[in-house]
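Structure record follows, encoded as structure tokens.
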Protein chains: 2
Amino acid sequence: MPVLADPSIDQHGARQRILDSTAELIIEHGVAGVAQRQIAGRVGIRAASLYHHFASKNEIVEAVFRRGIDVMEHAWDEAAERTRGADPRTRLAAHIRAHLSALFDHGPYTAAHVTAFRTAPATVRDAVVPMRDAYEARWAAFLGELATDGELADGTPVGLSRLALFGAMNTTVEWFDADRGNLDELADTITHQFWNGVAA
Amino acid sequence: MPVLADPSIDQHGARQRILDSTAELIIEHGVAGVAQRQIAGRVGIRAASLYHHFASKNEIVEAVFRRGIDVMEHAWDEAAERTRGADPRTRLAAHIRAHLSALFDHGPYTAAHVTAFRTAPATVRDAVVPMRDAYEARWAAFLGELATDGELADGTPVGLSRLALFGAMNTTVEWFDADRGNLDELADTITHQFWNGVAA
DNA sequence: TGGCGTCCCTAACGAACGTTCGGTAGGGTT
DNA sequence: AACCCTACCGAACGTTCGTTAGGGACGCCA
């Protein structure tokens with residue numbers, strides 16, 4: 001059972017760098033707009049060498065999308081644990097902030113997922129959909145719980161409200177600049193708008 | 001000055017059908033994922049024949065995006081005229097409904113725009129950005145007016161709120177089925193959520 | 001020392017891409 | 001009758017695409 005320092009790091013390093021570059025390029029150009037020679041160029045290898053790490057382009061793309069969900073779920077779990085037993089509004093705020101963290105703080109994977117998943121090849125989508133549904137189910141369960149606890153206004157269409165919230169959060173990747181803006185402020189604004197609305 | 005029945009209709013008909021097919025395909029696969037042979041196939045002509053109507057693929061794509069904005073602006077104008085002098089909440093509801101109408105009732109152009117514009121070639125984006133900004137400016141002016149009239153809660157970040165609303169509206173194209181769902185209900189839900197929030 | 005696995009290379013494949021070319025069928029004008 | 005314009009075609013161009021084949025350098029283990 002050999003313990004190697006550099007090789008094993010590089011091994012994962014190459015895979016990682018391939019996925020990183022692919023995710024960044026997907027955000028910019030969409031899945032179909034990314035060529036493997038582009039990916040390889042960013043990583044610093046030749047296109048053919050990608051096949052040492054992945055069996056096909058679709059496999060790379062699928063790995064990016066899966067990672068995007070992984071990141072979201074980890075962010076969710078961390079927020080859930082941190083706010084266990086807290087009041088509903090605090091828990092909601094934590095989960096919104098966690099989702100935005102997944103989009104901006106933990107690599108380009110989640111952002112690539114939410115912007116490009118819909119236009120990916122059907123085979124890729126079908127393979128990832130179950131994972132994706134599992135994450136959405138967490139939100140659905142959480143908001144459903146709030147509803148049955150009487151925390152939401154009567155007659156609130158929980159499913160539609162969740163999707164509207166998702167829309168508000170996910171499209172931030174199109175305009176929010178994490179380097180210049182304040183992510184906490186953004187999360188507070190979205191949370192407040194979802195919870196209280198904008199009316200005087 | 002000859003007045004021809006079929007030829008002139010067909011002339012515009014071909015252009016129209018090219019744009020229609022392109023917009024539909026862009027929604028599904030993104031700009032880079034659409035081949036001209038695919039477009040031509042839907043229209044019922046050969047790829048080379050597209051060049052009789054447009055000078056390049058990018059020109060077709062640009063025309064689709066411009067049309068998407070046209071549709072939004074017409075919907076805006078119609079809503080503005082219809083609710084002139086009405087109370088703020090009624091006007092807001094009308095404009096939200098109008099934007100959703102642009103997405104679902106008036107062809108695939110606006111939906112293609114909001115889903116694929118970001119990943120389009122830079123040359124196409126740059127040519128369309130001014131038009132796009134003009135539409136957003138209408139919303140910004142409207143919401144700014146509401147704010148100065150004291151209709152919005154103090155301290156409401158109007159710019160961020162507008163973008164969050166855009167996100168909620170535009171991502172409906174990813175999950176809302178206009179054939180099965182009720183667009184009026186959807187508009188009411190989004191309006192209510194934006195205005196009042198979901199809290200009890 | 002010799003063999004093996006990892007990691008990447010050059011070279012090339014067929015397919016698909018956007019685009020160009022020359023041509024043709026048919027209606028309209030002169 | 002001669003001509004032109006519109007709308008489209010088949011064939012081909014050069015380029016880029018995803019992918020495959022085969023090989024070389026390097027470190028590890030027997």
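Per chain, numbering begins at 1; letters A, B, ... match sequence-line order.
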(message) Suppose we screen for side chain to side chain contact (heavy atoms under 4.5 Å, CB included). Which residues come up paired with A:Arg91, at least two apart in sequence or across chains?
(response)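 If we apply the side chain to side chain contact (heavy atoms under 4.5 Å, CB included) test to A:Arg91, skipping adjacent residues, the hits are A:Thr83, A:Ala86, A:Phe142, A:Glu145.
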
(message) List the residues meeting ring-ring contact (aromatic ring centres under 6.0 Å, His included) with B:Phe65, not counting sequence neighbours, and say none if there are none.
(response)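 Partners of B:Phe65 by the ring-ring contact (aromatic ring centres under 6.0 Å, His included) criterion, ordered by chain and then number, come out as B:His113, B:Phe117.
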
(request) Consider only side-chain N and O atoms of B:Asp188 and B:Thr191, and report whether a donor and an acceptor are under 3.5 Å apart. (result) no

(request) Sequence neighbours left out, what pairs pass ring-ring contact (aromatic ring centres under 6.0 Å, His included) with at least one residue falling in residues 13-49 of chain B? (result) none

(message) Listing request: all ring-ring contact (aromatic ring centres under 6.0 Å, His included) pairs with a residue in residues 150-192 of chain A, at least two apart in sequence or in separate chains.
(response) A:His99-A:Phe166, A:Phe104-A:Phe176, A:Trp139-A:Phe166

(request) Taking only heavy atoms on the protein side, list every residue of residues 24-41 of chain B lying under 4.0 Å from any atom of DNA chain D, sorted numerically. (result)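 Hits under 4.0 Å, by residue number: B:Arg37.
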
Output the rounded distance in Å from [atom1] ([X]) to [atom2] ([N]).
| X | N | atom1 | atom2 | answer |
| --- | --- | --- | --- | --- |
| A:Arg46 | C:dA12 | CZ | P | 15 Å |
| A:Ile45 | C:dC7 | CD1 | P | 11 Å |
| B:Ile18 | D:dC8 | CD1 | C1' | 11 Å |
| A:Tyr51 | C:dC13 | OH | C1' | 12 Å |

According to a strict under-4.0 Å criterion, is [X] in side-chain N/O contact with OP1 or OP2 of [N]?
| X | N | value |
| --- | --- | --- |
| A:Ser49 | C:dC9 | yes |
| B:His52 | D:dC8 | no |
| A:His53 | C:dC8 | yes |

(request) With a 4.0 Å heavy-atom cut-off, tell me which residues in residues 55-64 of chain B come close to DNA chain C, sorted by residue number. (result) B:Ser56, B:Lys57

(message) So, using side chain to side chain donor-acceptor pair (under 3.5 Å) as the criterion, who are the partners of B:Glu78 when residues are at least two apart?
(response)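 Testing B:Glu78 for side chain to side chain donor-acceptor pair (under 3.5 Å), a comparison that skips the adjacent residues, returns B:Arg82.
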
(message) If the condition is side chain to side chain donor-acceptor pair (under 3.5 Å), which residues does A:Asp77 pass it with, not counting sequence neighbours?
(response)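 Applying side chain to side chain donor-acceptor pair (under 3.5 Å) to A:Asp77 gives A:Arg138.
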
(request) Please answer whether the main-chain N or O of A:Arg125 pairs with a side-chain N or O of A:Arg132 as donor and acceptor at a distance below 3.5 Å. (result)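 The answer is no, because no donor-acceptor pair under 3.5 Å joins these two groups.
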
(request) Tell me which nucleotide among C:dC21, D:dA21, C:dC8 gets nearest to the side chain of B:Ala48. (result)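 The nucleotide sitting nearest to the side chain is C:dC21.
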
Result block: side-chain N/O donor-acceptor pairs under 3.5 angstrom for residues 156-163 of chain A, not counting sequence neighbours:
| from | atom 1 | to | atom 2 | distance (Å) |
| --- | --- | --- | --- | --- |
| A:Thr156 | OG1 | A:Ala153 | O | 2.6 |
| A:Ser161 | OG | A:Pro157 | O | 3.2 |
| A:Ser161 | OG | B:Gln193 | OE1 | 2.8 |
| A:Arg162 | NH2 | A:Glu136 | OE1 | 2.5 |

